[in-house]
Structures are given as C-alpha cells and as structure tokens.
Amino acid sequence: SKVLVMRLIDFRDKCTISRLTGKKDEWDNPKRCVVYSGPCLYEEGGTGYSRSIVTRVPSVYLPGNDVMVMINDSVSVTTEHGREISAVVEIVRDINMPWRANLKCTRVELKQAQGD
C-alpha cells in the first residue's frame with residue numbers, strides 16, 4: 001500500500017526525525033537517535049495538498065503509519081528546492097486517505113518551524 005500512497009502524494013522532500021536518547025557522548029553533548037530518514041511532503045501552514053487534506057499549521061506527511069514519531073521529536077526537512085526547515089513535533093496523526101480505504105500516511109504537525 002505504500003507504493004500506492006506514494007503515487008497519490010508526491011513525497012518530494014526529505015525528512016530526518018530524531019529524538020534525545022537521555023545519554024551523552026564523550027564531549028557531554030546529548031545523544032540523539034534517528035527515528036525516520038526518508039521521503040516526506042512538507043507543507044506550509046494554511047495551504048492544502050488537496051481538498052480532502054487542509055493544513056492549518058506547518059506539517060510533514062510521511063508514507064505509511066509505521067514510524068513511531070513522538071511529540072517533541074526534532075524534524076529536519078530539506079525541500080525539493082533545497083530549503084532547510086528545522087522544527088519540533090507538536091501532534092502526530094495517522095491519516096486514512098478518504099478516496100482509498102487501504103491507504104495510510106502519517107501527518108506530523110510542527111511547531112517552531114524555522115526556514116532559511
């Protein structure tokens with residue numbers, strides 16, 4: 001079903017989602033683990049990909065809903081045009097595409113989104 005989702009939504013951006021592990025490295029910096037690294041679709045707040053998905057806050061869509069993203073994870077997005085966005089996860093929602101009952105993706109709403 002992921003292949004079908006990817007045909008319906010163009011996941012043209014790249015995302016890396018990571019979180020603190022609670023451990024520190026040899027220089028006393030907090031260690032992070034990567035939860036997801038791969039294709040995504042970034043949307044600014046206020047726009048919508050289609051009439052059935054309305055985005056009020058900056059959001060990232062991930063193919064499938066098997067990624068265990070958590071609130072306060074860090075998100076780094078590189079858009080297809082090379083823009084870098086850093087943000088923090090505020091809300092995670094699994095979405096079933098209304099036009100295809102078996103298609104799923106994950107919507108990650110962002111806070112503190114900053115772009116270059």
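Keep in mind the model is a prediction, meaning the values are calculated, not measured.
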Exercise for the section: Taking all non-hydrogen atoms of both residues into account, name the closest pair between P39 and P63 and its distance. Expected result: O-CD, 3.5 Å
Practice task
Calculate, to the nearest 0.5 Å, the distance between atoms NZ and CG belonging to K23 and N29 respectively.
Solution key: 16.0 Å
Exercise for the section: Please check if the side chain of D13 supplies one atom and the backbone of L41 the other of a donor-acceptor pair under 3.5 Å. Expected result: no
Practice task
Please report the shortest heavy-atom distance between T78 and E84, naming the atom on each side.
Solution key: OG1-OE2, 3.3 Å
Exercise for the section: Check whether the side chains of S59 and E109 place a donor and an acceptor atom closer than 3.5 Å, and report yes or no. Expected result: no
Exercise for the section: Find out whether L110 and V88 are in side-chain contact, i.e. whether some heavy atom of one side chain is under 4.5 Å from a heavy atom of the other. Expected result: no
Practice task
Using a strict 4.0 Å threshold on nitrogen-to-oxygen distance, state whether R19 and D73 make a salt bridge.
Solution key: yes
Practice task
Dump the intermediate steps for side-chain contact (heavy atoms from CB on, under 4.5 Å) on V67 and T106, then the final yes or no.
Solution key: CA-CA 8 Å; V67 180; T106 302; 5.5 Å; no
Problem - Spacing of T79 atom OG1 and R12 atom CZ [to the nearest 0.5 Å] - result: 9.5 Å
Exercise for the section: Might you work through the side-chain contact (heavy atoms from CB on, under 4.5 Å) test for S37 and K14, ending with a clear yes or no? Expected result: CA-CA 7 Å; S37 181; K14 180 165 181 3; 3.1 Å; yes
Handout entry: Donor-acceptor side-chain pairing of R32 and T21 below 3.5 angstrom
Key = no
Practice task
Taking the side chain as every heavy atom from C-beta outward, state whether Y42 and P58 have any atom pair closer than 4.5 Å.
Solution key: yes
Practice task
List the steps, then state whether side-chain contact (heavy atoms from CB on, under 4.5 Å) holds for Y36 with L62.
Solution key: CA-CA 9 Å; Y36 177 82; L62 307 176; 3.6 Å; yes
Handout entry: Salt-bridge present (K111, E90; N to O < 4.0 Å)
Key = no
Practice task
For side-chain contact (heavy atoms from CB on, under 4.5 Å), just list the numbers for V60 and I17, CA-CA rounded to whole Å, side-chain angles, deciding distance to a tenth of an Å, and then say yes or no.
Solution key: CA-CA 11 Å; V60 166; I17 301 174; 5.6 Å; no
Problem - Distance in Å, C105 SG paired with R93 CZ, rounded so as to fall on 0.5 Å steps - result: 12.5 Å
